[in-house]
Amino acid sequence: MKDLSVLIVGGGAGLGALLARMAVEAGAAKIGIIDINQEAAESALAPAKAKGLPTAAAACDIQVGAQCHAAFDAIVAKLGRIDTLINCAAIYPRRPILEISDADWDASNGINIKGTYHMMVAAVRHMQSQEPKSHVRGRIVNLTSVDAFKAHPQNAHYAATKAAVVSLTRSFAHDVAKHGILVNSVAPAGMATEKAKALGFLEELAKASPLGRGAEPTEIAEWVLMTGGPKNTYMTGENIIVSGCYIYA
């Protein structure tokens with residue numbers, strides 16, 4: 001991420017906060033975080049602030065388009081150029097497939113699909129007027145899920161939203177290629193996050209993987225940063241599956 005200005009949506013905790021820290025370690029020049037929790041966003045910027053890097057945080061409910069654009073503009077006002085946008089805000093509450101309510105659907109669609117869409121629109125409008133670096137004006141990386149490609153009756157609404165994000169990624173990539181903006185997604189299988197540990201998912205994740213374990217969050221984050229980093233100057237419209245062979249099991 002050397003010399004790049006990186007904005008992470010959903011960066012206040014979990015994988016997003018880890019990405020913020022690892023981006024700093026990988027040489028990012030500026031870090032911005034958008035999260036529904038302003039305090040968490042500020043806290044996740046601590047590694048960047050410790051290195052004296054320019055930082056910015058904004059609170060936003062990404063289910064609301066106007067808030068998405070206002071938050072993005074607030075980050076730009078402080079950081080200027082945004083080279084890489086990483087969309088990793090999502091919810092995944094489990095529900096039996098015959099019991100998914102309208103409220104469940106609305107929340108999942110609003111955060112996982114609509115919020116991702118509005119942040120991508122904001123990023124494209126900003127990036128398309130930037131001067132290119134090595135043919136690239138900007139990069140967008142969306143976090144999807146291997147569940148987009150496998151049956152997931154325990155969480156069908158989540159899986160459906162992630163399949164939608166894969167489709168959005170491809171449509172955006174095709175449309176903005178002419179501007180030199182690269183749009184890709186990364187689809188992990190289960191990760192050994194703190195939330196997974198707290199909810200007791202780790203044993204389930206281990207049993208589902210041919211490797212016998214869930215991915216460490218850093219193992220997924222490396223692929224996200226590679227996709228959104230300066231070494232990627234040509235790949236766009238792709239979905240990178242990092243599943244430890246789970247998808248073939």
Point-to-point distance, once rounded to the nearest 0.5 Å, from SG of Cys245 to CG of Leu211: 7.5 Å
Derivation of the side chain to side chain contact (heavy atoms under 4.5 Å, CB included) call for Ser108 and Ile91: CA-CA 6 Å; Ser108 294; Ile91 59 170; 4.1 Å; yes
Donor-acceptor under 3.5 Å (Asp3 side chain, Ala29 main chain): no
Path from Ile181 to Met119 over hydrophobic side-chain contacts below 4.5 Å: yes
Side-chain polar contacts of residues 218-228 - donor-acceptor pairs under 3.5 angstrom, sequence neighbours left out - could you list them?
residue	atom	partner	partner atom	Å
Glu219	OE1	Arg213	NH1	2.9
Glu219	OE1	Glu216	N	2.8
Glu219	OE2	Arg213	NH2	2.9
Thr227	OG1	Trp223	O	2.8

Pairwise distance CD1(Ile75) to NZ(Lys30) - rounded to 0.5 angstrom: 12.0 Å
Under 3.5 Å, which donor-acceptor pairs link side chains of residues 135-142 to any protein atom two or more places apart or in another chain?
residue	atom	partner	partner atom	Å
Arg137	NE	Gln130	O	2.6
Arg137	NH1	His179	O	3.0
Arg139	NE	Gly229	O	2.9
Arg139	NE	Asn232	O	2.8
Arg139	NH2	Asn232	O	3.0
Asn142	OD1	Asn87	ND2	2.9
Asn142	ND2	Thr169	OG1	3.0

Hydrophobic cluster identity match, Met120 and Val76, side-chain contacts under 4.5 Å: yes
Heavy-atom side-chain contact between Pro230 and Leu4 under 4.5 Å: yes
Reported CD1-to-NZ distance for the pair Ile62 and Lys114, which is rounded to 0.5 angstrom: 10.5 Å
Val121 and Phe172: CA distance, side-chain angles, deciding distance, side chain to side chain contact (heavy atoms under 4.5 Å, CB included) verdict: CA-CA 9 Å; Val121 170; Phe172 266 82; 3.9 Å; yes
Main-chain N/O of Asp104 paired to Ser101 side chain as donor or acceptor, under 3.5 Å: yes
Path from Leu79 to Ile33 over hydrophobic side-chain contacts below 4.5 Å: no
Please output the side-chain donor-acceptor pairs of residues 43-59 that fall under 3.5 Å, not counting sequence neighbours, one pair per line with the distance.
residue	atom	partner	partner atom	Å
Lys49	NZ	Glu42	OE1	3.0

Taking every non-hydrogen atom, the tightest pair across Gly115 and Cys68: O-SG, 4.3 Å
Polar side-chain atom of Asn109 near backbone of Trp105 as donor-acceptor pair, under 3.5 Å: yes
Ionic contact status for Asp147 with Lys162, cut-off 4.0 Å: no
Identify all side-chain donor-acceptor contacts of residues 11-26 below 3.5 Å with residues at least two apart in sequence or on another chain.
residue	atom	partner	partner atom	Å
Arg21	NH1	Glu25	OE2	2.8

hydrophobic_cluster_shared for Leu168 and Val124, side chain cutoff 4.5 Å: yes
Distance in Å, Tyr234 OH paired with Ser134 OG, rounded so as to fall on 0.5 Å steps: 15.5 Å
For Ala173 against Thr236, the heavy-atom pair lying closest together: CB-OG1, 3.5 Å
Any pair counted as ring pair (Phe, Tyr, Trp, His ring centres under 6.0 Å), so long as it reaches residues 56-99, sequence neighbours left out: His69-His118, Phe72-His126, Tyr92-Tyr158
Matching residue for Cys88 among Val186, Val9, Thr116, Leu143 - test: side-chain contact (heavy atoms from CB on, under 4.5 Å): Leu143
Over all atoms of both residues, closest heavy-atom pair of Asn112 and Ala90: OD1-CA, 3.2 Å
Gap between atom OG of Ser5 and atom CZ of Arg81 - 0.5 Å precision: 9.0 Å
pair Met235-Asn184: side-chain heavy atoms closer than 4.5 Å: yes
Where Pro210 and Ala208 come nearest, the two heavy atoms and their spacing: CD-O, 3.7 Å
Residue list, side chain to side chain contact (heavy atoms under 4.5 Å, CB included) with Ala187, at least two apart or on another chain: Thr144, Phe149, Asn239, Ile241
Residue among Thr84, Ile86, Ile34 satisfying side-chain contact (heavy atoms from CB on, under 4.5 Å) with Leu7: Ile34
Side chain Lys150, main chain Tyr246, donor-acceptor under 3.5 Å: yes
Derivation of the side chain to side chain contact (heavy atoms under 4.5 Å, CB included) call for Met127 and Asp83: CA-CA 7 Å; Met127 292 173 176; Asp83 293 295; over 6 Å; no
Verify same cluster id: Val176, Val166 (apolar side-chain graph, 4.5 Å): no
Asn37 (side chain) donor-acceptor with Ala40 (main chain) under 3.5 angstrom: yes
Reported CZ-to-OG distance for the pair Arg170 and Ser185, which is rounded to 0.5 angstrom: 7.0 Å
Donor-acceptor pair, side chain of Asp106 and main chain of Ala103, under 3.5 angstrom: no
Over 12 non-hydrogen atoms of neighbours within 6.0 angstrom of NZ in Lys178: yes
